[in-house]
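Report on the structure given below.
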Amino acid sequence: DTGVSQNPRHKITKRGQNVTFRCDPISEHNRLYWYRQTLGQGPEFLTYFQNEAQLEKSRLLSDRFSAERPKGSFSTLEIQRTEQGDSAMYLCASSSQSREKLFFGSGTQLSVL
Amino acid sequence: DAKTTQPPSMDCAEGRAANLPCNHSTISGNEYVYWYRQIHSQGPQYIIHGLKNNETNEMASLIITEDRKSSTLILPHATLRDTAVYYCIFSGNTGKLIFGQGTTLQVKP
């Protein structure tokens, strides 16, 4: 069990730049979730996929955010024209089916200067 | 969105049982109660979940009241490594978890 892998672990960027994060879920897990967490707060749901289909997006996910999961395997989360308010930990999780436990990655810490 | 109520912080002596309460009065019949914890700088870690009956695994026990409006997570013999933020969540068919603020448990020697 290699667990959920997220890359990079840390990303520092300047305001206005685009960034992309990658998540590799546990093999054969068909559900994949993205969360965002700021200091002192619980993780906030952003979006989730079942296989390659994006089934739900939070209203927190503005037009600058886009997530994909081609072929139902790894997923990417892109933020365009980053803002300082985007600074947060971005967490990915996967599960084998609904009602099953989620396995979380260690996250990508984004700092926008 | 689903919402639970937990005390913001609790202390527990090392070796003693830690009992973490949670209110989820708006839970519906097909929604499960989940507990996760998060140690600083790591992703949340699953602990246990249940629907109606009490559950026990190698990490903890979950006691759910008969009306299902509240639950208690029990760590039978807390260690310093159990110091973390504990989240109580209820969730339905989507598997989507809506996290609250959680309870910060400090285990003291």
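In what follows, chains are A, B, ... by sequence order, proteins preceding strands, each numbered from 1. Every value quoted in this text rests on a predicted model; they were computed, and no experiment measured them.
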Starting from the C-alpha separation in whole Å, work towards a yes-or-no answer on ring pair (Phe, Tyr, Trp, His ring centres under 6.0 Å) for A/Tyr35 and B/Phe99. CA-CA 10 Å; A/Tyr35 285 81; B/Phe99 289 80; 5.6 Å; yes
Whatever's closer than 4.5 Å to a heavy atom in chain B on A/Gln37 counts as side chain
same_hphob_cluster(B/Met10, B/Leu75) at 4.5 Å side-chain heavy-atom cutoff: yes
Residue A/Glu68 excluded, over 12 heavy atoms near CD under 6.0 Å: no
Could you check whether atom CG of A/Asp63 has more than 12 heavy atoms from other residues, nucleotides or ligands sitting under 6.0 Å from it? no
Which atoms of B/Ile48 approach chain A - backbone, side chain, both or neither, heavy atom under 4.5 Å: neither
Comparing B/Asn30, B/Val85, B/Thr104, B/Leu51 against chain A, the one with the most heavy-atom pairs below 4.5 Å turns out to be B/Asn30
Using every non-hydrogen atom in the two residues, find where B/Ser41 and A/Arg9 come nearest and quote the distance to one decimal. O-NH2, 4.1 Å
Over 12 foreign heavy atoms within 6.0 Å of CG, A/Leu113: yes
Check whether A/Leu91 and A/Phe49 end up in the same hydrophobic cluster, where Ile, Leu, Val, Met, Phe, Trp and Tyr are linked by side-chain heavy atoms less than 4.5 Å apart. no
Give the intermediate values and the outcome of side chain to side chain contact (heavy atoms under 4.5 Å, CB included) for residues B/Tyr36 and A/Phe104. CA-CA 11 Å; B/Tyr36 283 74; A/Phe104 282 83; 4.0 Å; yes
Do other residues, nucleotides or ligands put more than 12 heavy atoms under 6.0 Å from A/Arg64 CZ? yes
B/Tyr34 to A/Glu100 - nearest heavy-atom pair and separation: OH-N, 4.2 Å
Between NZ of B/Lys96 and OG of A/Ser95, what distance do you get to the nearest 0.5 Å? 14.0 Å
Tell me, yes or no, whether the heavy-atom count around A/Ile12 atom CD1, taken from other residues, nucleotides or ligands under 6.0 Å, exceeds 12. no
Given heavy-atom pairs under 4.5 angstrom as the criterion, report whether the side chain, backbone, both or neither of B/Gln38 touches chain A. side chain
Spatial distance of atom CZ (A/Phe45) from atom CD1 (B/Ile98) [nearest 0.5 Å]: 6.5 Å
